[in-house]
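Here is the structure we will look at, set down as structure tokens.
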Amino acid sequence: MAEQRVVLVTGGGTGIGAATARLLRTAGHQVVISGRRPEPLRRVAEETGALAHPSDVGDPEAVRELVEATVAAYGRLDGVVLNAGIGRAGAVGDLAVEDWEELMRTNVTGPFLLLRAALPHLLAARGAVVAVASVGALRNSVGSAGYSTSKAALLHLCRSMAVDYGPRGLRANAVCPGWVRTEMADQRMTRFAAEAGLAGGAEAGYEEANRLNPARRPGDPQEVAEAIDWLLSPAASYVNGAALTVDGGVTQLGVGGAAFDYRIEARTPRP
């Protein structure tokens with residue numbers, strides 16, 4: 001078995017975070033999962049043997065306690081997965097200031113605080129960071145000003161870690177998923193289907209949203225977890241500051257050619 005690692009996963013109670021915890025535990029690594037909701041964390045902990053530590057990553061004191069609890073339990077910290085995040089829709093003119101501030105606090109400031117607290121331990125271990133960004137960090141979508149901006153900021157925060165601390169052995173990379181079947185995405189797809197007049201709820205939303213995706217489907221959290229696991233591992237020892245798309249190829253599409261795909265069907269636009 002590969003050398004056992006100690007990895008802290010934020011947003012570890014559901015979706016990509018929970019899938020990552022499962023995969024790492026199956027491989028024999030020690031995992032601490034964090035999030036604001038205790039119950040999902042408890043379920044994943046009971047299933048996997050991970051250590052659950054409810055915490056708000058936007059609270060500096062809570063973040064300090066989270067890192068201290070991890071090191072107290074396992075004696076070291078080799079990896080951090082920055083997965084906790086929220087979404088809020090809206091163009092600049094529509095997005096409430098409160099929503100903007102919550103997006104930045106959770107998706108950018110929280111990771112910043114956690115990296116500051118974990119940095120001495122990660123440097124001592126010559127460890128690795130993986131941020132769960134989004135294809136929204138690379139390509140803009142309609143009505144996603146705050147979310148896309150926050151994920152782009154997270155991506156560059158991660159790259160800054162690579163540049164500043166790479167000479168001391170730290171690696172920091174990001175995965176940029178497309179639509180993946182998670183609790184948050186299910187809710188968005190349900191709303192999208194209703195807005196677009198599609199029968200079938202979330203499933204219809206996923207189908208429509210991935211109509212032009214070369215994979216013709218959404219991703220599974222396990223598929224993103226596999227990429228995260230690889231980036232954390234020694235197998236990716238010369239990968240630093242990378243943004244790995246895990247999106248079925250959707251970011252490779254040229255918008256100008258989309259009109260030539262006969263599968264596109266007109267919908268009544270939202271008001």
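What you see is a predicted model, and the numbers here were worked out from it, not measured in a lab.
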Take Cys176 and Lys151, measure what side chain to side chain contact (heavy atoms under 4.5 Å, CB included) needs, and give me the verdict at the end. CA-CA 9 Å; Cys176 295; Lys151 289 299 187 177; over 6 Å; no
Not counting sequence neighbours, which residues clear side chain to side chain donor-acceptor pair (under 3.5 Å) with Asp247? List them please.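 Side chain to side chain donor-acceptor pair (under 3.5 Å) check on Asp247 returns Thr251.
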Taking only residues two or more places apart in sequence or in another chain, which ones pass side chain to side chain donor-acceptor pair (under 3.5 Å) with Ser141?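 None.
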What distance separates [X] [atom1] from [Y] [atom2], expressed to the nearest 0.5 Å?
{"X": "Leu23", "Y": "Thr48", "atom1": "CG", "atom2": "OG1", "value": "11.5 Å"}
{"X": "Leu41", "Y": "Thr14", "atom1": "CG", "atom2": "OG1", "value": "8.5 Å"}
{"X": "Thr106", "Y": "Arg88", "atom1": "OG1", "atom2": "CZ", "value": "7.5 Å"}
{"X": "His29", "Y": "Asp78", "atom1": "NE2", "atom2": "CG", "value": "9.5 Å"}
{"X": "Thr70", "Y": "Ile33", "atom1": "OG1", "atom2": "CD1", "value": "11.0 Å"}
{"X": "Gln187", "Y": "Met189", "atom1": "CD", "atom2": "CE", "value": "11.5 Å"}

Without swapping roles, check the side chain of [X] against the backbone of [Y] for a donor-acceptor pair under 3.5 Å.
{"X": "Gln4", "Y": "Gln30", "result": "no"}
{"X": "Asn210", "Y": "Arg216", "result": "no"}
{"X": "Arg171", "Y": "Ser233", "result": "yes"}

Do Leu244 and Val239 pass the side chain to side chain contact (heavy atoms under 4.5 Å, CB included) test, and can you show the C-alpha distance, the side-chain angles, and the key distance before you say yes or no? CA-CA 10 Å; Leu244 176 60; Val239 181; over 6 Å; no
Cluster question for you: counting only ILVMFWY and a side-chain heavy-atom cut-off of under 4.5 Å, with indirect links fine, are [X] and [Y] together?
{"X": "Val80", "Y": "Phe112", "result": "yes"}
{"X": "Val135", "Y": "Val224", "result": "no"}
{"X": "Leu8", "Y": "Leu24", "result": "no"}
{"X": "Leu113", "Y": "Val67", "result": "yes"}
{"X": "Leu170", "Y": "Leu114", "result": "yes"}

Take atom CZ in Arg42; do more than 12 heavy atoms of anything else shown fall under 6.0 Å from it?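 More than 12 heavy atoms, drawn from other residues, nucleotides or ligands, come within 6.0 Å of this atom.
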Residue pair Val246, Glu226: steps toward the side chain to side chain contact (heavy atoms under 4.5 Å, CB included) verdict: CA-CA 10 Å; Val246 188; Glu226 294 281 0; over 6 Å; no
Is [Y] close to [X] at the side-chain level, that is, under 4.5 Å between some pair of heavy atoms?
{"X": "Val57", "Y": "Leu82", "value": "no"}
{"X": "Tyr74", "Y": "Val32", "value": "yes"}
{"X": "Val250", "Y": "Leu212", "value": "no"}
{"X": "Ile16", "Y": "Ile228", "value": "yes"}
{"X": "Asn107", "Y": "Leu154", "value": "no"}
{"X": "Trp100", "Y": "Thr149", "value": "yes"}
{"X": "Leu115", "Y": "Leu157", "value": "yes"}
{"X": "Asn83", "Y": "Thr20", "value": "no"}

By the definition salt bridge (charged side-chain N to carboxylate O under 4.0 Å, His left out), identify the one residue from Glu223, Glu208, Glu207, Glu203 that meets it with Arg217.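 Filter result, single survivor: Glu223.
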Non-hydrogen atoms of [X] and [Y] that approach each other most closely:
{"X": "Leu77", "Y": "Ala125", "answer": "O-CB, 3.5 Å"}
{"X": "Gly87", "Y": "Tyr147", "answer": "CA-CD1, 3.8 Å"}
{"X": "Trp230", "Y": "Ala235", "answer": "NE1-CB, 3.6 Å"}
{"X": "Ala153", "Y": "Val108", "answer": "CB-CG2, 3.8 Å"}
{"X": "Gly249", "Y": "Asn213", "answer": "N-OD1, 4.1 Å"}
{"X": "Gly166", "Y": "Asn240", "answer": "CA-ND2, 3.8 Å"}

What pairs of residues pass the side chain to side chain donor-acceptor pair (under 3.5 Å) test when at least one of them lies in residues 51-66, not counting sequence neighbours?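 Found Asp56-Arg105, Glu61-Arg64, Arg64-Glu68.
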Applying the side chain to side chain contact (heavy atoms under 4.5 Å, CB included) criterion to Val81, which one of Val31, Val132, Thr10 satisfies it?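 Output: one option passes, namely Val132.
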With a 4.0 Å cut-off on N to O distance, would you call Glu39 and Arg43 a salt bridge?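 Looking at Glu39 and Arg43, the cut-off is met.
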